[in-house]
Amino acid sequence: MRKWTYLVATLLMAGTTATFTGCIDTDEPEGIAELRGAKSEFIKAQAAVELVEAELRKAQVAEQELVNAGLALQNKSAEIDLQLHELDIQVKKLLIEKEEAATAQAKAGSGSCHCKS
């Protein structure tokens, strides 16, 4: 029985000795700390790249909207030019009709003389 008591006592002593005298190194090697710092910087850089890419997509959308607006203005300008051309043609037709009417009136007026002598 004493052997069992000594055995238990020895095991208890061995367990507590390892617990109280164990050396736990909490200091990280310099390379690990640098690796953690580099990983942190990499994650920050990735986030910055994603933000820049999002802003780039916004700028591309805005650029396309401006291109579309420019094309719409060109179309509107072409429509206005066409309308001006049509109005110019109408004005010329009216001038021709006016000249024809004036010529017809002059011919009608010269054929019958209402002169007072």
Side-chain angles (χ1 to χ4, degrees):
M1 189 74 159
R2 283 186 177 204
K3 287 182 183 179
W4 285 106
T5 305
Y6 289 126
L7 182 62
V8 170
T10 304
L11 288 173
L12 284 174
M13 289 297 288
T16 57
T17 302
T19 302
F20 293 119
T21 61
C23 180
I24 298 174
D25 188 16
T26 57
D27 295 331
E28 291 182 336
E30 188 174 323
I32 299 291
E34 288 177 7
L35 182 63
R36 289 183 195 271
K39 186 175 181 180
S40 172
E41 291 298 318
F42 177 72
I43 291 170
K44 288 178 185 176
Q46 274 184 326
V49 166
E50 288 175 5
L51 286 174
V52 168
E53 287 175 345
E55 290 299 318
L56 176 63
R57 285 189 293 274
K58 287 180 186 177
Q60 288 171 337
V61 167
E63 178 187 22
Q64 188 59 46
E65 289 175 353
L66 287 174
V67 167
N68 292 343
L71 291 174
L73 286 174
Q74 285 178 347
N75 290 340
K76 188 67 175 175
S77 175
E79 288 176 13
I80 291 172
D81 287 343
L82 182 62
Q83 289 174 352
L84 283 173
H85 183 69
E86 290 173 353
L87 289 173
D88 188 40
I89 291 171
Q90 287 179 0
V91 166
K92 287 179 182 178
K93 284 181 182 179
L94 289 174
L95 287 175
I96 291 171
E97 289 177 7
K98 178 182 174 186
E99 287 177 15
E100 288 175 351
T103 303
Q105 186 179 15
K107 285 182 183 178
S110 65
S112 61
C113 186
H114 299 283
C115 299
K116 297 182 184 175
S117 319

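By the 4.5 Å heavy-atom criterion applied to side chains, Gln74 and Leu71 are counted as neighbours.
Ile89 pairs in a side chain to side chain contact (heavy atoms under 4.5 Å, CB included) with only one of the listed residues (Lys92, His85, Glu86), which is His85.
For Gln46, the CD atom counts as densely surrounded, since its 6.0 Å shell holds more than 12 non-hydrogen atoms of other residues, nucleotides or ligands.
Although no hydrogens or angles enter the test, the distance criterion places a donor-acceptor pair under 3.5 Å between the side chain of Thr103 and the main chain of Glu99.
Put simply, CG on Leu94 and CG on Leu87 are 10.5 Å apart, with the number rounded to the nearest 0.5 Å. A distance of 12.0 Å separates NZ of Lys93 from CD of Glu100, quoted to the nearest 0.5 Å. With values rounded to the nearest 0.5 angstrom, Glu34 atom CD is found 12.5 Å from Glu41 atom CD.
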- Asn68 and Glu65: side chain to side chain contact (heavy atoms under 4.5 Å, CB included), yes or no, with the steps? CA-CA 5 Å; Asn68 292 343; Glu65 289 175 353; 5.5 Å; no
